[in-house]
S.K.: 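Next up is a structure, given as structure tokens.
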There are 2 protein chains.
Amino acid sequence: MGKIKKYHQIQEYIKKRIQTQKYPPGSYLPSENEFCVQFGTTRTTVRKALDELLKEGFIEKEHGKGSKVLERGKYLGLLSVKGFSGSTDYKVKTKVTEEPKIVAWDPLIVFPLSEDEKSSQCVYFQRVRYIDDKPVVLENNWYALNALEPIKSNEFVEGSFFKTLSQEYLIEIMGAEQELRSVKASVDIAKKLGIAVGAPILHISIRFRTSRPNLNLYGDLYCNTTEYPIRNSYFL
Amino acid sequence: MGKIKKYHQIQEYIKKRIQTQKYPPGSYLPSENEFCVQFGTTRTTVRKALDELLKEGFIEKEHGKGSKVLERGKYLGLLSVKGFSGSTDYKVKTKVTEEPKIVAWDPLIVFPLSEDEKSSQCVYFQRVRYIDDKPVVLENNWYALNALEPIKSNEFVEGSFFKTLSQEYLIEIMGAEQELRSVKASVDIAKKLGIAVGAPILHISIRFRTSRPNLNLYGDLYCNTTEYPIRNSYFL
DNA sequence: CTACCCACATTGTACAGACAAGTTAAATAT
DNA sequence: ATATTTAACTTGTCTGTACAATGTGGGTAG
């Protein structure tokens, strides 16, 4: 029985307005009391909704001031290249080296696919990340065609695939699993990253779980960590 | 001004009893109403305390049943070797190769030390983790002497340094930052891990932040990921 | 004996109100 | 004009209550 929870309705309403930039990052939400009037409820319920958004990382609260909309994208615990998003120091560029296209699943993927996924075809695209005009990360991406249509790279919101998912499709990252290996660069990867064959490379296999049922994003990253190590931080 | 928050007192009371095994893992806490009587308060306040413990990962709640004490140690987002703690598949052993001793800070540490830490001496110990009797991880550890006394390895609770901190010193991990690099094995590391010199090795520099002010734990890990990749998962 | 139902304990949601504590800007005093 | 006080508004804490939803075990009807 899909029970309607009032706090959940409020939570989803606010979340949608954040995702669609009606409440842009950095701005303050209406006060708790204003939401009470708007939804005909009490602060207890509104605060419960805001607490959930807090846990999901959409907002932060400031005592005596209000609830501020956060910049989305610092996925807690997610691996990120040192300097990424702290983009003042480095110039980060992304080039799509293989446009999204429909292919068969690649056996490279180390995570077991669901039956739904196996029965579907697969959308694949490849990107290379540059820092200071030097290639640092080679990135292969896959997802099931029956869960999400192919998206042309020139339609990416601000060039970001994840931002596109959030703002255009209202899909959020719920979690991820990763496997990390240190390997020697193959000929192909060495060429694409401009390094020596056999140089030590960090290989990351990753599966993102999303808020859309049956949609997982699979990634296969090769990182040249000699100059730009991978960073990862998280807090409880 | 008495900034004592009632829910925080209850939260700390329950946390201490969990850490000292008065409420052992797997057991159920007293019901919310029992805590209400015990602390002379209402369910709203007790539930706030339990919500905090939920967020900290000490308990989980089961609708209609109660609040269950969780096994501590699956630090969200923490890197762990595949198979670690899922110890049914693999035999994991830890050998302390260098007993805790007082030394000067090692320049290997990539994180900036606080003034407090720099002015203190440093406790160092080294461990090697084995899976199926094969060495997989070489681990250097440091922390400031003025923040925590040296602990002999034979006093570790169940051989675990983190369990010792939690149960004997009531110190919890609050978060961590990591830097990951893929490097070639040096002569020393190759010997200790039983691999070829120059083999690709995952180098992890990590700083744990703890609930004790001024106490950070610094780690420097070298992982042979060819057979046992590093795993990392997290969920929102 | 089995299957069902019901009472009971537990957590989940929601309402209504009170006061504390932090922030800000307008009003006031110097 | 500047500094201080005040008032208004915000989020934080807490009380008290009611009912809903879920899990458990015992009693009852078959």
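This one's a predicted model, so the numbers in the text were calculated from it and none came from an experiment. By convention in this document, chain letters (A, B, ...) are assigned in the order of the sequence lines, proteins followed by strands, and residues within each chain are numbered from 1.
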S.K.: Who are the ring-ring contact (aromatic ring centres under 6.0 Å, His included) partners of A:Y124, not counting sequence neighbours?
M.R.: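 A:Y124 satisfies ring-ring contact (aromatic ring centres under 6.0 Å, His included) with A:W142 only.
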S.K.: For A:C223 and A:I230, work out which heavy atoms get closest and say how close.
M.R.: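 Where A:C223 meets A:I230 most closely, the heavy atoms are SG-CD1, 3.9 Å.
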S.K.: Heavy atom of residues 9-18 of chain A under 4.0 Å from DNA chain C: which residues?
M.R.: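 Nothing qualifies; none.
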S.K.: For nucleotides 11-17 of chain D, read 5' to 3', which letter fits each nucleotide if B means a protein heavy atom sits under 4.0 Å from the base, S means only the sugar-phosphate is that close, and - means neither?
M.R.: BBBSBB-
S.K.: A:Y13: what forms a ring-ring contact (aromatic ring centres under 6.0 Å, His included) with it, not counting sequence neighbours?
M.R.: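 For A:Y13, the residues satisfying ring-ring contact (aromatic ring centres under 6.0 Å, His included) (neighbours in sequence not counted) are A:F39.
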S.K.: Within this structure, what is the CG-to-P distance between B:L54 and C:dG12, rounded to whole angstrom?
M.R.: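 Atom-to-atom, B:L54 to C:dG12, this comes out as 9 Å.
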S.K.: Give me the ring orientation class for B:F111 and B:Y218: parallel if the planes are under 30° apart, tilted from 30 to 60°, perpendicular past 60°.
M.R.: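 Taking B:Y218 first and then B:F111, their aromatic rings sit tilted (interplane angle of 30° to 60°).
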S.K.: Using the side-chain contact (heavy atoms from CB on, under 4.5 Å) rule, pick out the option among A:V123, A:L165, A:N214, A:T210 that qualifies with A:L148.
M.R.: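 Testing A:L148 for a side-chain contact (heavy atoms from CB on, under 4.5 Å) against A:V123, A:L165, A:N214, A:T210 leaves exactly one candidate, A:L165.
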S.K.: For A:E149, enumerate each residue passing the salt bridge (Lys or Arg N to Asp or Glu O under 4.0 Å) test, keeping only those at least two apart in sequence or located in another chain.
M.R.: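 Salt bridge (Lys or Arg N to Asp or Glu O under 4.0 Å) check on A:E149 returns nothing, list empty.
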S.K.: Before you tell me yes or no, could you show the steps for B:Q38 and B:F35 under side-chain contact (heavy atoms from CB on, under 4.5 Å), namely the whole-Å CA-CA distance, both residues' side-chain angles and the distance that decides it to 0.1 Å?
M.R.: CA-CA 5 Å; B:Q38 180 177 345; B:F35 280 129; 3.7 Å; yes
S.K.: Could you work out, with salt bridge (Lys or Arg N to Asp or Glu O under 4.0 Å) as the rule, every residue matching B:E115, not counting sequence neighbours?
M.R.: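 Result, salt bridge (Lys or Arg N to Asp or Glu O under 4.0 Å) vs B:E115: B:K118.
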